[in-house]
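Below is one structure, written out as structure tokens, with a few remarks after it.
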Amino acid sequence: MHTAPRPPSPSAPVAPQLDAVVVGAGFAGLYQLHRLRELGLRTRVFEACDDIGGTWYRNRYPGARCDVESTAYSFSFSPELDQEWEWSERYATQPEILRYLHHVADRFDLRKDVTLRTRVVRAVYDEDRHVWQIATDTGETVTTRFVVLATGCMSAVKEPDIPGVAAFAGRSLHTADWPHEGVDLTGRRVAVIGTGCSGVQAIPLLAEQAAGLTVFQRTPVYALPALNRPLTAEETAAFKARYPEFRAAQRKSRGGTVFELPTQSALEVDEAERTAAFEAGWDSGLLSGLLRTYTDILADRAANETVAEFVRSKIRSIVTDPETAETLSPRTFPFGTKRPCLDTDYYATYNRPHVKVVDLTKTPIVEITPKGVRTSDREHAVDVIVFATGFDAMTGSQVAVDIVGKGGTTLKEKWADGPRNHLGLLSAGFPNLFTVIGPLSPSVLSNAVVSIEQHVEWITDCIAHLRSTGSTEIDATARAEEDWCAHVADLASRTLYPDVASWYTGANVPGKPRVFLAYTGGADRYRAECDAAAREGYRGFVLSGSAS
Ligand SMILES: Cc1cc2nc3c(=O)[nH]c(=O)nc-3n(C[C@H](O)[C@H](O)[C@H](O)COP(=O)(O)OP(=O)(O)OC[C@H]3O[C@@H](n4cnc5c(N)ncnc54)[C@H](O)[C@@H]3O)c2cc1C
């Protein structure tokens, strides 16, 4: 049990024990620590896990790797780091990305300020002193001026909500909590529940080991081939030579990856031209390969259907059994409105005789039994169940902390009908509490590392500004927050995203409000909006207090 923090007595000193607390030690928390230390702030990072790395510490399932190219899915803040680190594959595996984060932590001497195995459970704002009181699950309490929630957009694991889960007599595994020692599935009958990006990455490798693999699919995905491969020494050298210009272009880009924006509608060109463009996108091995073909893929249903049907035709060409191909073909939602996946042999895996897919729209899961999975028509006996059931994305890790702002309002209460904040950075009534790649920012629609750097740098500049002006508090105004939420909703309403039940809209978590959670205007435009607010004296925010 932790000790709940109590408000300080009136005679308590004004100065907090720390200048900043950062919650989480993934990409975001590590970079935030580095930048705040450069400012000279007394900063501590609390990390719930046994080690640093966040996503890349926990998601150790077979096949786990990034689906943004390694050279782009990495920090840009240090040109020396870019030159010294060597990626071995186009899409790095989880162990390699974790090694990279360890290298970063060592190179910038970050570990000494990270407290591991310590979860922040409560944060209470002292309105008089402009200080947050932080309580951890180890019983520690600290006071700090600033808090940065670097808790991750995909770190609150969604446990399976299927009746009977605890009754299963075999082994249950979750892709986001894969055992560090690995799991030998040789000769085992394995069930996979969930076909999002983790499932799609894991299924081909699980099939290589398992004696039988049964995939329980509620919604099929659109998956594109990764065309992953080792990077040659020549390629790496050539890339490194142009890293500075690539990094500059990345920062100006729409989604943290660099490509030419399309100029035409998919409906403006004839079928032959369209198919050629889609073939090139498919053969690019890039997550955005098809999205980037035409301007209206995510905005117009008819335009979207052209690419959706193209992917279905690819599935039919790979999967030999027509019924299986149809089961794997998405028909109920437009291409790209749920996160597309990048795969290695995903569809081809279903051609293997010991792999089968169960269509849960026809025979839903009724319960987990001691022997396996019971669907409405039969029981599927298995030895191991792999849950690839995803995350309570974007808001889950933040509302899991009991955060009490001005007037005793909790963040959870305030966000009961959906997240509310200004510029995705600060929620009104919760001063000095910044969020990195949280809701209402580009977050999961962008290369996360680029968006993390943008947030961290904005937050660092903001704190530097507060200190230089002697201010001790920054809060979003209610008006600016209202306008921002309306702006984000308006942008989303011009796309096909909001109508689809996905984790982007919170639909995967029972009881979660249905709100489109990300900013769809592009990371470039978003960055410009954040920069403009700062330049104009932190427009939309109120700065107050006096450090003296
Ligand atoms: C399998 C997988 C693959 C992905 N691939 C990509 C990709 O290719 N490209 C991309 O852009 N994004 C990808 N993502 C998204 C990924 O989460 C981000 O790219 C990035 O790693 C986020 O870093 P972060 O530091 O913000 O959060 P995380 O890496 O999630 O780190 C957050 C940390 O905060 C800790 N934490 C949370 N709450 C508390 C608390 N209360 N107290 C203490 N500690 C706490 C967690 O334990 C965790 O270690 C992927 C996600 C997954 C799950």
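Side chains included, hydrogens not; waters and symmetry mates left out as well; all remaining heavy atoms used. All ligand and atom numbering here is 1-based and tracks the order in the structure. As the structure is a computational prediction, the values presented were derived from the model and not from experiment.
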### Task
Taking the six-membered ring for Trp and the full ring for Phe, Tyr or His, determine whether the centres of H102 and Y57 are under 6.0 Å apart.
no
#### Entry: Region of V401 engaging ligand 1 - heavy atom pairs below 4.0 Å
side chain
### Task
State which residues pass side-chain hydrogen bond (donor to acceptor under 3.5 Å, both in side chains) with T43; sequence neighbours excluded, sorted by chain then number.
none
### Distance from atom 14 (N) of ligand 1 to nearest protein heavy atom, with residue and atom
Y73 OH, 4.3 Å
### Query
Based purely on interatomic distance, does F27 place a nitrogen or oxygen under 3.5 Å from a nitrogen or oxygen of ligand 1?
yes
### Residue portion contacting ligand 1 (non-hydrogen atoms closer than 4.0 Å) for C197
neither
### Query
Where is the nearest protein heavy atom to atom 38 (N) of ligand 1: which residue, which atom, and how far?
T151 CG2, 3.5 Å
### Task
Kindly identify the option in E47, R58, H455 whose heavy atom sits closest to atom 47 (O) of ligand 1.
E47
### Message
Using a 4.0 Å cut-off to any heavy atom of F391, which atoms of ligand 1 qualify?
### Response
53 (C)
### Query
Is the NZ or CZ atom of R514 both under 6.0 Å from the centre of the six-membered ring of F516 and within 45° of that ring's axis?
no
### Query
What about the rings of F77 and F108, do their centers lie closer together than 6.0 Å?
yes
### Query
Nearest heavy-atom pair of G438 and S443: which atoms, and what distance?
O-CB, 3.6 Å
### Query
At a non-hydrogen distance cut-off of under 4.0 Å, which region of L30 contacts ligand 1 (side chain, backbone, both, or neither)?
neither
#### Entry: atom 44 (N) of ligand 1 - nearest protein heavy atom and its distance
A48 N, 3.1 Å
### Message
When you compare the side chain of Q133 with that of T141, does any pair of heavy atoms fall below 4.5 Å?
### Response
no
### Task
Identify, by atom number and element, the atoms of ligand 1 in contact range of C49, meaning under 4.0 Å from any of its heavy atoms.
47 (O)
### Summary
Heavy-atom closest pair (Y346 atom, V221 atom, distance to 0.1 Å) is CE2-CG2, 4.3 Å
### Query
Can you find a pair of side-chain heavy atoms, one from F46 and one from R119, that are under 4.5 Å apart?
no
### Message
Using the ring centroid of each side chain, check whether Y73 and Y100 are separated by less than 6.0 Å.
### Response
no
## Note on the structure
Checking heavy atoms under 4.0 Å, the part of T55 that sits near ligand 1 is both
### Message
Students should be able to answer this: which protein heavy-atom is nearest to atom 15 (C) of ligand 1, and at what distance?
### Response
M154 SD, 4.0 Å
### Summary
The protein heavy atom nearest to atom 40 (C) of ligand 1 is V23 CG1, 3.4 Å
### Task
Starting at CD1 of I452, measure out to CD of Q32 and round the result to the nearest 0.5 Å.
10.5 Å
### Summary
re atom 34 (O) of ligand 1, the protein heavy-atom contact at minimum distance is G24 CA, 3.2 Å
### Task
Kindly state whether the ring of Y519 and the ring of W484 have centres lying under 6.0 angstrom apart.
yes
### Query
Against heavy atoms of D67, which atoms of ligand 1 measure under 4.0 Å?
7 (C), 8 (O), 9 (N)
#### Entry: Minimum non-hydrogen distance to atom 23 (O) of ligand 1, winning option of V456, I403, V157, I452
I452
### Task
Quick one: look up the protein heavy atom nearest atom 42 (N) of ligand 1 and list residue, atom name and how far away it is.
V120 N, 2.9 Å
### Cationic tip of K314 above Y347 ring, under 6.0 Å, 45° of axis
no
### Task
Write out the residue and atom name of the closest protein heavy atom to atom 27 (O) of ligand 1, then the distance separating them to 0.1 Å.
G152 CA, 3.1 Å
### Location of contacts on W56 toward ligand 1, heavy atoms closer than 4.0 Å
side chain
### Task
Within a distance under 4.0 Å of any heavy atom of G54, pick out the atoms of ligand 1 and give their elements.
28 (P), 29 (O), 31 (O), 48 (C), 49 (O)
### Task
Any atoms of ligand 1 less than 4.0 Å from a non-hydrogen atom of V68? List them with their elements.
8 (O), 9 (N)
## Note on the structure
For S446, the ligand 1 atoms with a heavy-atom partner under 4.0 Å come out as 11 (O)
### Residue portion contacting ligand 1 (non-hydrogen atoms closer than 4.0 Å) for T175
neither
#### Entry: ligand 1 contact on Y61 by region, counting heavy-atom pairs under 4.0 Å
side chain
### Query
Got a sec, which pairs hit salt bridge (Lys or Arg N to Asp or Glu O under 4.0 Å) with one end in residues 20-32, sequence neighbours left out?
none
### Task
Verify whether the ring centers belonging to F387 and F216 lie closer than 6.0 Å.
no
### Task
Go through the side-chain N and O atoms of S76 and Q250 and say whether any donor and acceptor fall under 3.5 Å apart.
no
### Task
May I ask whether V449 places a heavy atom under 4.0 Å from ligand 1?
no
### Task
Go through ligand 1 atom by atom and flag the ones less than 4.0 Å from a non-hydrogen atom of N447.
11 (O)
### Task
Nearest 0.5 Å please: distance from the CG atom of L101 over to the CG atom of D106.
11.0 Å
## Note on the structure
ligand 1 to A28, heavy atom cutoff 4.0 Å, flagged ligand atoms 24 (P), 25 (O), 26 (O)
